[in-house]
Number of protein chains: 2
Amino acid sequence: MRRSARRPTIKDIARRAGVSQSAVSFALNDRPGVSPATRERVRRVAEQLGWQPSTAARALSGEGAATVGLVLARPARTLGVESFFLRLVSGVQEALAERRLGLLFQVVEDVAAECEVYRRWWAEHRVDGLLVVDPRHADARPGLLDSLGLPAVIIGGLESGSADGAAEYPAISELRTDDAGAMASIVDHLYQLGHRRIAHIAGLPELAHTRRRTHSLREAAGALGLTEVRSVSTDYSDAQGAAATRAVLDDARPPTAIVYDNDVMAVAGLAVATERGLAVPGDLAIVAWDDSVLCRSTHPGLTALVRDTGAFGRRAATALLALLDGEPAVHVLDERPRLTPRGSTVPLAASRQAHGKALGS
Amino acid sequence: MRRSARRPTIKDIARRAGVSQSAVSFALNDRPGVSPATRERVRRVAEQLGWQPSTAARALSGEGAATVGLVLARPARTLGVESFFLRLVSGVQEALAERRLGLLFQVVEDVAAECEVYRRWWAEHRVDGLLVVDPRHADARPGLLDSLGLPAVIIGGLESGSADGAAEYPAISELRTDDAGAMASIVDHLYQLGHRRIAHIAGLPELAHTRRRTHSLREAAGALGLTEVRSVSTDYSDAQGAAATRAVLDDARPPTAIVYDNDVMAVAGLAVATERGLAVPGDLAIVAWDDSVLCRSTHPGLTALVRDTGAFGRRAATALLALLDGEPAVHVLDERPRLTPRGSTVPLAASRQAHGKALGS
DNA sequence: GTCGGCAACTAATGCGCTTTAGCATCGAGT
DNA sequence: ACTCGATGCTAAAGCGCATTAGTTGCCGAC
């Protein structure tokens with residue numbers, strides 16, 4: 001078995017450059033105390049040897065682990081089609097790469113396990129900061145991370161209420177999604193198409209954004225004088241999406257438009273509608289929250305709320321970098337997603353009015 | 001700004017337990033040299049203090065970084081619906097969790113960047129081993145990792161040819177997918193349904209498994225005396241899947257069955273068929289390689305090749321753990337995925353024979 | 001009764017790096 | 001001429017752990 005090549009250390013560089021180790025350290029970290037000539041020479045030797053600082057040694061001497069963590073708490077069952085995360089992570093990495101930060105990623109079953117991971121990572125000195133996803137109502141994680149002194153960015157934002165721009169915790173930022181604005185744009189869109197009865201097939205009720213969307217639907221509908229709106233919560237799965245669709249369609253006064261909290265359920269809902277002989281968009285309009293290839297592959301294509309998930313991740317990571325640099329925590333609102341109309345919602349004039357039954361009062 | 005609580009160290013434990021630091025180290029690492037009583041006492045103190053070994057310190061004293069790496073080389077554009085990876089990673093973590101190993105995850109644009117990441121991780125001492133995905137024809141990565149002395153598991157396996165069980169590199173294992181067996185089962189299934197002209201909408205041509213599948217299709221078809229089979233390669237996107245579908249359907253003698261290398265393209269292909277007025281499965285049978293919610297949400301449901309991706313990831317991680325323990329590299333063949341028939345392929349008797357045109361000669 | 005040998009520990013070293021303290025050297029100021 | 005203060009460097013300590021080389025105390029063997 002061939003031995004692995006030894007990694008070069010600053011000692012090797014020092015020897016080759018004919019200086020002390022500390023001089024090398026100064027030179028490579030842009031610290032004063034070395035002449036420009038020496039600095040340049042050391043740099044060249046380091047380059048030539050392919051030297052990279054050992055993160056372990058750096059971490060040990062107090063520099064931090066050069067790593068941020070991201071834990072995804074999802075039961076394995078729910079990991080279905082999840083285009084969101086990979087794109088988010090991809091964006092995150094773009095921002096992290098500039099600082100050569102690594103991303104420690106873990107999938108766990110639930111939030112309790114997630115908290116354990118945070119504790120362990122903290123004690124093990126593994127991460128400098130965290131990206132927290134799927135914020136929940138009365139979320140215990142920000143408090144925990146604050147007490148551990150780990151900077152973090154809450155991706156998605158916590159509650160709807162405290163949009164004050166002030167930080168509750170000194171080292172925990174929030175990147176909020178504009179759920180209220182997005183929901184308003186959906187409701188407006190549907191209203192203008194003539195819809196008066198709207199159902200919202202939501203995701204997990206404990207998630208903060210589910211609560212925000214549910215709340216915003218009621219607000220937006222109220223502003224337009226609509227009373228026949230309802231939200232039903234699910235676990236985001238196609239099965240529950242289909243079941244919820246059947247439930248709302250079985251209503252005495254069924255909705256003429258359904259808003260789904262993810263693409264998977266929207267597609268499942270479309271299947272249910274087809275199964276029942278309901279024409280989409282003629283008898284039922286469908287809107288999906290979050291676009292993906294699914295929304296484009298169906299017949300008709302599904303009107304969807306499009307956001308640039310990569311950019312979202314990039315902004316979240318950038319916010320974390322700012323925290324790591326010691327800047328104060330911020331609460332920022334992300335840009336509003338755009339509603340992209342497709343075949344599943346169509347102006348009244350173009351829809352099959354002839355049926356008469358298509359739209360509510 | 002509140003200071004973060006100090007992490008307990010082995011020194012704290014030593015002080016509280018009234019022994020030396022080395023005794024603590026021995027006690028906690030199950031090394032001889034301490035009495036059972038002392039060992040127990042030290043353990044209790046450690047527990048009480050919530051002590052966890054600092055990975056940085058461990059790594060520095062030669063114990064490895066307690067981390068494995070996984071790099072995904074995909075242009076951001078291609079990160080569409082990718083249920084496979086999250087499930088794979090989820091499985092990987094289950095196996096890693098037992099040893100408290102972390103997973104360093106990175107998304108990059110291409111294989112060149114991937115290799116750079118490997119080099120950097122090696123130099124930075126960040127990982128003990130790697131999981132390599134998307135193995136390619138004439139892949140440079142195994143050679144690189146071997147020269148760096150980093151153990152690795154090639155997920156999916158390299159070439160079809162060298163099924164000799166022997167390892168080319170001493171610390172690089174392969175977990176092969178049984179593409180040949182799976183393709184044979186698909187072809188058999190279609191053959192028994194009466195199909196004689198089969199098209200294969202493949203993925204990226206440079207991927208090893210694409211080559212294996214393409215090759216296996218020819219083999220399996222040849223064994224049954226079928227000559228009218230073809231493979232078309234794509235980038236896995238819905239767009240190219242649809243385009244390839246149109247291309248093969250435009251053929252003078254179009255296929256009566258299409259096998260898609262992923263679920264996204266299969267759904268896109270179904271949409272194309274519907275668009276053209278082709279009945280599925282009457283006029284065209286569709287098989288998807290890899291199941292997901294997509295295949296279940298369409299009408300008809302898509303016959304798919306189902307594999308337990310979580311278990312696959314678990315096996316890969318387990319193979320890596322074995323390597324890290326110093327066991328020799330192995331080349332193992334993973335279990336054959338099961339073909340799950342759904343509405344998109346139906347026995348001849350049940351399909352719309354009346355049309356006559358449904359099946360080829 | 002002495003000594004080898006073992007059990008149970010402690011002391012000390014090193015991993016690769018950052019950082020503080022220390023040490024020459026040199027030019028400028030008085 | 002001698003000091004002062006930069007400047008450019010080296011020596012050494014320390015981060016938290018594993019590990020190797022002692023060090024003690026005790027028991028059995030001779």
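Below, chains carry the letters A, B, ... as their sequence lines are ordered, and counting in each starts from 1. Not measured: the values here are computed from a predicted model.
Judged by closest nucleotide on DNA chain C, B:Ser22 is the one of B:Leu60 and B:Ser22 placed further toward the 5' end.
The residues A:Asp128 and A:Arg99 are annotated as not salt-bridged, no charged nitrogen and carboxylate oxygen being separated by less than 4.0 angstrom.
We find that CZ of A:Arg126 is positioned 22 Å from P of D:dC15, with the value rounded to whole Å. The distance between atom CG of B:Asp128 and atom P of C:dC15, rounded to the nearest whole Å, is 19 Å. Regarding B:Glu63, its CD atom lies at a distance of 14 Å from the C1' atom of D:dT20, rounded to whole Å. Remark: C1' of D:dC17 and CG of B:Asp12 are 13 Å apart, rounded to the nearest angstrom. D:dG16 atom C1' lies 15 Å from atom CG of B:Leu49, rounded to whole Å. Following rounding to the nearest Å, B:Ile13 (CD1) and D:dG16 (C1') show an atom-to-atom distance of 11 Å. Look at NE2 on B:His125: it is 17 Å from P on D:dC17, rounded to the nearest Å. Remark: P of C:dT20 and CG of A:Asn29 are 13 Å apart, rounded to the nearest angstrom.
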Inset, instruction - Go through B:Arg15 and B:Asp12 one step at a time and tell me if the side-chain contact (heavy atoms from CB on, under 4.5 Å) criterion holds. - result: CA-CA 5 Å; B:Arg15 200 177 316 120; B:Asp12 300 319; 3.6 Å; yes

Legend entry - From CA spacing to verdict: salt bridge (charged side-chain N to carboxylate O under 4.0 Å, His left out), B:Asp30, B:Arg43: CA-CA 10 Å; B:Asp30 284 322; B:Arg43 281 220 182 102; 2.6 Å; yes

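The side chain of B:Ala57 lies closest to D:dC17, out of D:dC17, C:dC17, D:dT19. Which of D:dC17, C:dG16, C:dC17 sits closest to the side chain of A:Arg58 comes down to C:dC17. Closest to the side chain of A:Ser20, out of C:dT19, D:dT10, C:dC17, is D:dT10. Side-chain proximity of B:Gln21 to the nucleotides D:dC17, D:dT10, D:dT19 is greatest for D:dC17. Comparing C:dC15, D:dA18, C:dC17 by their closest approach to the side chain of A:Thr9 singles out C:dC17. The side chain of A:Phe26 approaches C:dT19 more closely than any other nucleotide in the set C:dT19, D:dT19, C:dA8.
Not one side-chain nitrogen or oxygen of A:Arg31 sits closer than 4.0 Å to the OP1 or OP2 atom of C:dT18. Between A:Ser61 and C:dT19 there is no side-chain polar atom (N or O) within less than 4.0 angstrom of OP1 or OP2.
Within the 4.5 Å cutoff, no side-chain heavy atoms of B:Arg74 are placed close to those of A:Leu86. A:Ile155 is listed as a side-chain neighbour of A:Leu88, based on a closest heavy-atom distance under 4.5 Å.
Among the candidates A:Val42, A:Leu28, A:Val45, A:Val24, the single residue satisfying the side-chain contact (heavy atoms from CB on, under 4.5 Å) test with A:Trp51 is A:Leu28.
Contacts of B:Gly33 with the nucleic acid, taken as non-hydrogen atoms under 4.0 Å apart, include base atoms. Backbone-only contact: A:Pro53 has heavy atoms under 4.0 Å from sugar-phosphate atoms and none from a base. Base contact: A:Ile10 has a heavy atom under 4.0 Å from a base atom. Among the heavy atoms of the strands lying under 4.0 Å from A:Ser25 is at least one base atom, whether or not backbone atoms are also near.
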